[in-house]
**Student:** 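My structure is below; once you've seen it, I'll send some questions.
Computed from a predicted structure; not experimentally measured. Below, read A as the first sequence line, B as the second, and so on, with proteins coming before strands; counting in each chain starts at 1.
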Protein chains: 2
Amino acid sequence: MAALDAILNDIDTDLENALERLFAFLRIPSISTEPAHAGDCRAAAAWLAQDLTALGFETSVEDTSLHPVVLATKPKPGAPHVLFYGHYDVQPVDPLDLWTTPPFEPRIASDAEGRKTIVGRGSSDDKGQVMTFVEACRAHIAMSGELPCGVTILIEGAEESGSQGLPEWVAANRDRLGCDVVLVCDTGMWDRTTPAITSSLRGLAYFEVKVTCADRDLHSGFFGGAARNPIHVLAKIIADLHDEDGRVTIPGFYDGVHERPPEVLEQWRGLGLTPETLLGPIGLKEPAGERGRMPIELVQSRPSCDANGIIGGYTGEGTKTVIASTASAKISFRLVDDQDPKVLAERFEAFVRERVPSDCTVDVITYKGSRAISLPFDMPQLGAAKAALAEEWGVPAVTVGAGGSIPIVGDFKRLLNRDTLLIGFGLDDDRIHSPNEKYDLTSFHKGTRSWARILAALGQG
Amino acid sequence: MAALDAILNDIDTDLENALERLFAFLRIPSISTEPAHAGDCRAAAAWLAQDLTALGFETSVEDTSLHPVVLATKPKPGAPHVLFYGHYDVQPVDPLDLWTTPPFEPRIASDAEGRKTIVGRGSSDDKGQVMTFVEACRAHIAMSGELPCGVTILIEGAEESGSQGLPEWVAANRDRLGCDVVLVCDTGMWDRTTPAITSSLRGLAYFEVKVTCADRDLHSGFFGGAARNPIHVLAKIIADLHDEDGRVTIPGFYDGVHERPPEVLEQWRGLGLTPETLLGPIGLKEPAGERGRMPIELVQSRPSCDANGIIGGYTGEGTKTVIASTASAKISFRLVDDQDPKVLAERFEAFVRERVPSDCTVDVITYKGSRAISLPFDMPQLGAAKAALAEEWGVPAVTVGAGGSIPIVGDFKRLLNRDTLLIGFGLDDDRIHSPNEKYDLTSFHKGTRSWARILAALGQG
């Protein structure tokens, strides 16, 4: 096997080519939640499969109930084996008019300080992150003709659709996914200079609520004051979801939520974070959630509830004096500790139905939910990965909880009985899920180098 | 002058041609609130001007600050003079997918009972109603070579845009609008067999509220529980607008609202209306407004508040875990008696601003408002019109209050010092402002005959 220095050097000198490959991947508009882009999801899977085949992986593209997965394996008998997971699908791009350049025409941008970024939908979430791992494999293979450990790569295409179909596919293919540890690159760094390993993730429960009142749109002049307005019904439901102290009011919602021990709270307090630290960069000042808790505590250890979208009535230019027949909202919850998304689904639906007048109807759609997860601190691979990250970045890697949800991590534990190291190079200002998503060039370059080091370290395990 | 019977007979035998003319008018998609249809508004004005010119009116199309008005005059020295007002603009057509046939391809439909209707946007509101008056003039002129009284016809193109520009145009042209009485055909019958004259109209105040929290869309995993959600802020504002008893909570909102005298309430009670009478046909049962008041009282004599539209965050298919940067709603009020839309605008904006957190921003747009109006019961022309309607329909015409607003009626009173007879042939199930708008063939045919009789009666005044 080549010396690690040669491999890292190869990554440095091949950076331009690596960016060209990433750009080709980013140009495919693989939006999994929009049926019109199903063909693009398939194209993204095919692109990746071709790239991994060229690297010598035994590769296949396999159907699930939504979009296909890419499965690529390069065994190394006698060595440890890792399973790398990521996703090739991306978020929708609306509102499109807020993008400075088209979302699927990736480009390198420079800010006033000379910081270079890769701009485009999926640059950070998750195509750019996936390619840090693929490029690290490429460098090992280019310099050594082999990988330091056995590697299986599983890249799905429905993560932004709640990983629809993936748990069933994993369950049916668990004998092809044997490994010592799972690696995921879909999380962030602590800050621009400090790498992080994510040790806990909030769960998710996602619903859509559609209220129907009259059987047609009405003229507000004729019916205003007598006919029920579904926007009012929905607004009341959303307003009722939180009390004056920012707590969620659904009965039993906090069942299974545990207070963090005093030493953890003390450690958070010691970070010297103010509300401005988290909220200043997005133009806000006042924490909005449960009163009396630190922002870091709110996003890492507390459940939350957000209306993610709402629509009803006339939303065009100017005025229309209409009372709509229907109005609908998407409402989701982030879960922690032992909160059960199935129990919440029942309680949420009851909460909603109680607030819908008897002559109106409501449909509640429950999308896939996931429990929160947390990793054991004594994982053997954790120390090796932390050391490798520290060597690359020159500072110790911190272990953090993350607010987001990666449901499949729980499925890997349940179905494969394996824990997951969540190591990613995203930054808080990456604007994932928003217009002008970007990935720092440093994240991409040093992320690739980090994985090269981690693979080498795990190969020695 | 020809006998009235000959004129009515001409209307009967010319019905097919009258429908062809109306269909040509309905095919022009003159949606005044959508800038893309400005050319269509101009085309509708031109179509009407050409038709009126052919009838011998001195006609012009004149610019206002939004869409042009059509002004057509046929004086008759020594005879009374009437000013007829209507509008050629129509409502937007969304949601388009709920239309059974395209909104601007008018057609005759028959229901199971053999009732025939004219289906298409504007068939009832207001092109079909306008053409009842034009066709009545046509029959008089065809049979007699003249009209029984002097007639000025003013058809505007911005009624669905709050009559933007019209009051200014009327003020600047008041010497060309001299008349004894104003006639308007933009209201409804009491039911399918009973004609009505509308003697009062609610006013209108219309606002748009846009709340902005963070300066970008956020990932709910990273920020949920800590960042303010503008959909929640807006939902709280809307929910707060009514109390548990259905009353509007804006301080001072009911200033200037008068209770109806006991005899009026008694008369309403005597009608034997149940909530089902008004709400059953639209699929509802429970009155939604102020508790303890009759539905007819709510829509005819009480003010109301409705959110006419709301939008924010992700509204596409499936899920997106986003916390939106902005959310906005259109909110309007129907006003009665002495409520002042300008005073309400100040109170509403204060009410909204009190509910927006200090680190968020809100824009409140105030669209044009109008006060409520009511007509004197001793108008000399009222008796003549009621008698003419009774002859046509075989039952007495009822005098009613209407929930809707026709702001220009107040302007005619203020600028021309003339009262307005509101006589229309729309029905409650016409679905104006909704998909599949229709106008009963009977409304069109007997409406035309009604105007022929009314013109003859007023000419004798």
Side-chain angles (χ1 to χ4, degrees), chain A residues 33 92 161-162 206 214-217 219-222 224-229 231-232 235-236 238-239 278 282-289 295 298-299 302 304 306-323 330 332 334 357 359 367 403-405 431-434, chain B residues 33 92 161-162 206 214-217 219-222 224-229 231-232 235-236 238-239 278 282-289 295 298-299 302 304 306-323 330 332 334 357 359 367 403-405 431-434:
Chain A
T33 54
S161 297
Y206 201 113
D215 60 13
R216 71 201 69 178
D217 286 355
H219 188 295
S220 74
F222 297 161
R228 192 73 60 178
N229 185 322
I231 299 175
H232 297 191
K236 183 77 165 66
I238 293 172
L278 180 72
I282 56 168
L284 293 173
K285 286 176 189 163
E286 301 174 21
L298 290 171
V299 298
R302 301 294 300 177
S304 64
D306 272 292
N308 305 108
I310 188 165
I311 189 164
Y314 182 67
T315 59
E317 276 189 77
T319 65
K320 181 173 175 179
T321 48
V322 66
I323 300 175
K330 297 179 195 274
S332 68
R334 296 289 173 174
D359 58 347
Y367 292 99
S405 310
R431 295 183 291 270
I432 70 170
H433 296 208
S434 298
Chain B
T33 54
S161 297
Y206 202 113
D215 60 13
R216 72 202 68 181
D217 286 356
H219 187 296
S220 74
F222 296 162
R228 190 75 58 178
N229 185 323
I231 298 175
H232 299 193
K236 183 81 166 64
I238 294 171
L278 179 73
I282 55 168
L284 292 173
K285 287 175 189 162
E286 301 174 20
L298 291 171
V299 298
R302 299 296 300 177
S304 63
D306 273 293
N308 305 106
I310 189 167
I311 189 164
Y314 182 67
T315 59
E317 277 190 77
T319 65
K320 182 173 175 179
T321 49
V322 65
I323 300 175
K330 296 179 197 276
S332 68
R334 297 288 172 175
D359 57 347
Y367 292 100
S405 309
R431 295 183 292 269
I432 69 169
H433 295 208
S434 298

**Student:** Between B:N308 (side chain only) and A:V322 (backbone N and O only), is there a donor and an acceptor less than 3.5 Å apart?
**Tutor:**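 The answer is yes, because a donor-acceptor pair under 3.5 Å joins these two groups.
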**Student:** Using a cut-off of under 4.5 Å for heavy-atom pairs, which of A:L298, A:D215, A:I282 has the most such pairs with chain B?
**Tutor:**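 Most heavy-atom pairs under 4.5 Å with chain B: A:I282.
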**Student:** Nearest 0.5 Å, what's the CD1-CG distance between B:I238 and A:N229?
**Tutor:**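 If I round to the nearest 0.5 Å, the distance is 8.5 Å.
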**Student:** Who wins among B:I310, B:I231, B:T321, B:I311 for the most heavy-atom pairs under 4.5 Å with chain A?
**Tutor:**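 Of the candidates given, the most pairs with chain A belong to B:I310.
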**Student:** Among A:P287, A:A226, A:S161, which residue has the highest count of heavy-atom pairs closer than 4.5 Å to chain B?
**Tutor:**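 Most pairs with chain B among the choices: A:A226.
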**Student:** If you define the side chain from C-beta out and look only at heavy atoms, does anything of B:E317 sit under 4.5 Å from A:T33?
**Tutor:**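 No, every pair of side-chain atoms sits at 4.5 Å or beyond.
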**Student:** Among A:G162, A:P92, A:S332, which residue has the highest count of heavy-atom pairs closer than 4.5 Å to chain B?
**Tutor:**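 Highest number of heavy-atom pairs under 4.5 Å: A:P92.
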**Student:** Kindly say whether A:D217 contributes a backbone atom to a donor-acceptor pair with the side chain of B:H433 at under 3.5 angstrom?
**Tutor:**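 Not at all, since once roles are kept as given, no pair shorter than 3.5 Å links the two residues.
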**Student:** For A:R228, is it the side chain, the backbone, both or neither that has a heavy atom under 4.5 Å from a heavy atom of chain B?
**Tutor:**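 It is both, since atoms from each part get that close.
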**Student:** Pick one of side chain, backbone, both or neither for A:K330, based on which atoms fall under 4.5 Å of a heavy atom in chain B.
**Tutor:**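 Interface part for A:K330: side chain.
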**Student:** Which atom pair, heavy atoms only, marks the closest approach of B:V299 to A:F222?
**Tutor:**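 What the structure gives for the nearest pair is CG1-O, 3.2 Å.
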**Student:** Quick one: of B:T315, B:T319, B:I323, who has the most non-hydrogen atom pairs under 4.5 Å with chain A?
**Tutor:**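 If we count pairs closer than 4.5 Å to chain A, B:T319 comes out on top.
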**Student:** What part of A:Y314 lies closer than 4.5 angstrom to a heavy atom of chain B: side chain, backbone, both or neither?
**Tutor:**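 For A:Y314, heavy atoms of backbone and side chain both lie under 4.5 Å from chain B.
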**Student:** I need the residue from A:A239, A:G283, A:A227, A:A307 with the largest number of non-hydrogen atom pairs under 4.5 Å to chain B.
**Tutor:**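 Between A:A239, A:G283, A:A227, A:A307, the count favours A:A307.
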**Student:** Sort out for me which of A:E286, A:K285, A:K236 touches chain B most, counting heavy-atom pairs under 4.5 Å.
**Tutor:**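 With the most close heavy-atom pairs to chain B, the winner is A:E286.
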**Student:** Relative to chain A, which of B:G225, B:S304, B:P295 shows the most heavy atom pairs under 4.5 Å?
**Tutor:**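 Most heavy-atom pairs within the cutoff with chain A belong to B:G225.
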**Student:** Would you mind telling me which of B:G318, B:P357, B:G289 has the largest number of heavy-atom pairs within less than 4.5 Å of chain A?
**Tutor:**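 Most heavy-atom pairs under 4.5 Å with chain A: B:G318.
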**Student:** Can you check whether B:G224's main-chain N or O pairs, donor with acceptor, with A:D306's side chain at less than 3.5 Å?
**Tutor:**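 Flag not set: sc A:D306 to bb B:G224 has no pair under 3.5 Å.
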